[in-house]
*Asks:* 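Input: one structure, supplied below.
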Amino acid sequence: MKLKDKVAIVTGASRGIGEAIARKLCEEGASVMLCSRSAASSAAAEALACEGWNAKSIQADISRKSDVEALVDETIKEFSRVDILVNNAGITRDALLMRMKDEDWDAVLQTNLTGSAYCARAVIRSMMRQKSGKIINITSVIGLMGNAGQANYAASKSGVIGLTKSIAREVAKRGITVNAIAPGFIQTDMTANLAEQDQQKILEMIPVGRFGLPEDVAQVALFLASDAAQYITGQVVQVDGGMVM
């Protein structure tokens with residue numbers, strides 16, 4: 001198994017992409033701490049544990065520094081170390097910028113960008129002591145191309161790309177790699193709720209002609225978390241079916 005004896009934290013792990021990544025890491029031998037704002041991650045962790053994988057869960061809001069510190073402390077208490085961090089948790093509060101409420105701008109930036117920074121900062125110290133570690137930030141193609149009605153989300157996800165590259169430069173000599181994954185339109189609860197005509201318009205923008213699956217993103221996360229990606233850092237890997245070229 002590629003990740004035998006490794007310990008991972010996956011935020012936003014109660015469903016969709018986060019849950020798929022947590023499962024993939026477990027299947028490759030990692031012990032995984034699943035995290036979400038609600039208690040829903042406990043059900044995902046229990047399902048993995050019932051299948052024989054070493055998975056635990058914790059309820060934490062990554063927009064709160066104290067919650068992030070508790071998340072990392074609990075993971076180290078439970079598993080003794082942290083080798084992999086997957087910053088997947090994120091929210092949307094969509095509206096045209098001229099109509100967007102200040103609190104909706106603030107909430108999206110605080111969770112998606114600041115929360116990712118909190119999590120990365122919280123694990124870096126122990127990773128430096130180990131002289132090894134993998135940080136994987138989940139951004140979005142929206143952070144590369146923008147999208148009407150999502151100025152806050154696009155700004156936060158563009159910020160995650162800048163955060164990724166900056167941290168990668170800071171910690172590279174300590175044996176820590178930092179990369180980002182930019183999913184396109186993935187089959188999740190969000191895309192399932194789109195009107196059929198909207199889905200068709202999106203599909204016309206995707207050269208491969210289909211939405212992605214959470215497992216498509218999970219496979220890339222596994223690669224970046226493994227020793228096969230030791231010489232890759234500061235990169236953004238698009239998983240979008242060719243939508244943004």
Side-chain angles (χ1 to χ4, degrees), residues 8 10-25 28 84-94 108-109 111-113 115-116 119-120 134-168 177-226 228-229 231-245:
V10 181
T11 68
S14 63
R15 59 183 181 174
I17 290 172
E19 184 179 8
I21 291 173
R23 172 172 289 279
K24 182 60 64 176
L25 300 185
E28 290 295 334
I84 301 158
L85 166 67
V86 181
N87 269 322
N88 173 70
I91 63 171
T92 57
R93 297 285 187 275
D94 296 349
V108 170
L109 269 292
T111 296
N112 298 2
L113 179 55
S116 294
C119 290
K134 307 278 189 173
I135 297 174
I136 302 165
N137 297 321
I138 307 300
T139 178
S140 170
V141 293
I142 301 303
L144 298 170
M145 60 185 284
N147 196 31
Q150 289 193 306
N152 51 359
Y153 184 76
S156 72
K157 292 302 187 178
S158 292
V160 167
I161 292 171
L163 178 71
T164 298
K165 292 178 179 291
S166 296
I167 301 173
T177 64
V178 189
N179 292 288
I181 300 173
F185 282 87
I186 307 298
Q187 284 185 6
T188 62
D189 293 344
M190 181 182 72
T191 54
N193 290 330
L194 290 172
E196 186 174 341
Q197 61 185 21
D198 293 332
Q199 291 190 34
Q200 190 57 44
K201 287 179 182 177
I202 294 167
L203 285 171
E204 290 171 1
M205 298 167 61
I206 304 172
V208 302
R210 68 170 178 87
F211 290 129
L213 301 173
E215 291 74 17
D216 292 325
V217 182
Q219 291 283 10
V220 177
L222 170 61
F223 168 68
L224 292 175
S226 73
Y231 201 57
I232 299 173
T233 197
Q235 302 305 305
V236 181
V237 182
Q238 294 169 216
V239 184
D240 63 0
M243 183 177 175
V244 178
M245 294 190 189

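Given the structure is predicted, the values throughout are model-derived calculations rather than measurements.
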*Asks:* Which pair of non-hydrogen atoms, one from Ser116 and one from Val160, has the smallest distance, and what is that distance?
*Replies:*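 Of all heavy-atom pairs spanning Ser116 and Val160, the closest is OG-CG2, 4.3 Å.
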*Asks:* Looking only at side-chain N and O atoms, does Asn137 offer a donor or acceptor that is under 3.5 Å from a partner on Thr164?
*Replies:*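 There is such a pair between these side chains.
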*Asks:* What distance do Asn88 atom CG and Ile136 atom CD1 have between them, rounded to the nearest 0.5 Å?
*Replies:*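 Reported to 0.5 Å precision, the distance equals 11.0 Å.
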*Asks:* For Ile232, does its backbone N or O pair with a side-chain atom of Asn179 as donor and acceptor, under 3.5 Å?
*Replies:*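 Pair found, side chain donor or acceptor close to backbone of Ile232.
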*Asks:* Mind checking the CD1-CD spacing from Ile17 to Gln187? Nearest 0.5 Å is all I need.
*Replies:*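 Here the rounded value is 11.5 Å.
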*Asks:* If I compare all heavy atoms of Gly90 with all of Thr111, which pair ends up nearest, and what's the gap?
*Replies:*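 Shortest heavy-atom separation between Gly90 and Thr111 comes out as CA-CG2, 4.2 Å.
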*Asks:* Do the side chain of Asn87 and the main chain of Ile138 share a donor and acceptor less than 3.5 angstrom apart?
*Replies:*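 Pair absent, no side-chain N/O of Asn87 close to backbone of Ile138.
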*Asks:* Output all residues satisfying side chain to side chain donor-acceptor pair (under 3.5 Å) with Gln238, sequence neighbours left out; order by chain, then residue number.
*Replies:*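 Scan of Gln238 (side chain to side chain donor-acceptor pair (under 3.5 Å), adjacent residues dropped) gives Asp240.
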*Asks:* Are any side-chain N or O atoms of Gln235 and backbone N or O atoms of Thr233, one a donor and one an acceptor, separated by less than 3.5 Å?
*Replies:*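 Pair found, side chain donor or acceptor close to backbone of Thr233.
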*Asks:* Tell me the closest heavy-atom pair linking Ile206 and Gly241, and the distance in Å.
*Replies:*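 Shortest heavy-atom separation between Ile206 and Gly241 comes out as CG2-O, 3.7 Å.
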*Asks:* Does Ser226 reach the main-chain N or O of Phe223 with its side chain, forming a donor-acceptor pair under 3.5 Å?
*Replies:*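 Yes; judged by distance alone, with no hydrogens or angles, the pair exists.
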*Asks:* Who are the side-chain contact (heavy atoms from CB on, under 4.5 Å) partners of Ala148, not counting sequence neighbours?
*Replies:*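 Partners of Ala148 under the side-chain contact (heavy atoms from CB on, under 4.5 Å) test: none.
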*Asks:* Once side chain to side chain donor-acceptor pair (under 3.5 Å) is applied, do any residues pair with Ser14, and if so which ones, sequence neighbours excluded?
*Replies:*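 Expected list: none.
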*Asks:* Sort and list the pairs that fulfil side-chain hydrogen bond (donor to acceptor under 3.5 Å, both in side chains) and have at least one residue in residues 151-162, not counting sequence neighbours.
*Replies:*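 Of all non-adjacent pairs touching residues 151-162, those that pass side-chain hydrogen bond (donor to acceptor under 3.5 Å, both in side chains) are Asn112-Ser156.
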*Asks:* With a 3.5 Å cut-off and sequence neighbours excluded, list the donor-acceptor pairs that the side chains of residues 211-218 form with protein atoms.
*Replies:*
unit_1	atom_1	unit_2	atom_2	d
Asp216	OD2	Arg210	NH1	3.3
Asp216	OD2	Arg210	NH2	3.4
Asp216	OD2	Leu213	N	2.8

*Asks:* Identify the heavy atoms of Ala182 and Val141 that sit nearest to each other, and give their distance.
*Replies:*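 The pair with the smallest heavy-atom distance is O-CG1, 3.7 Å.
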*Asks:* Any sub-3.5 Å donor-acceptor pair from Thr139's side-chain atoms to Ile181's backbone N or O?
*Replies:*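 No; judged by distance alone, with no hydrogens or angles, the pair does not exist.
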*Asks:* Give me the atom names and distance for the closest heavy-atom approach of Cys119 to Thr11.
*Replies:*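 That would be SG-CG2, 4.2 Å.
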*Asks:* Just to verify, what does Lys134 make a side chain to side chain donor-acceptor pair (under 3.5 Å) with, not counting sequence neighbours?
*Replies:*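 Lys134 satisfies side chain to side chain donor-acceptor pair (under 3.5 Å) with Gln230 only.
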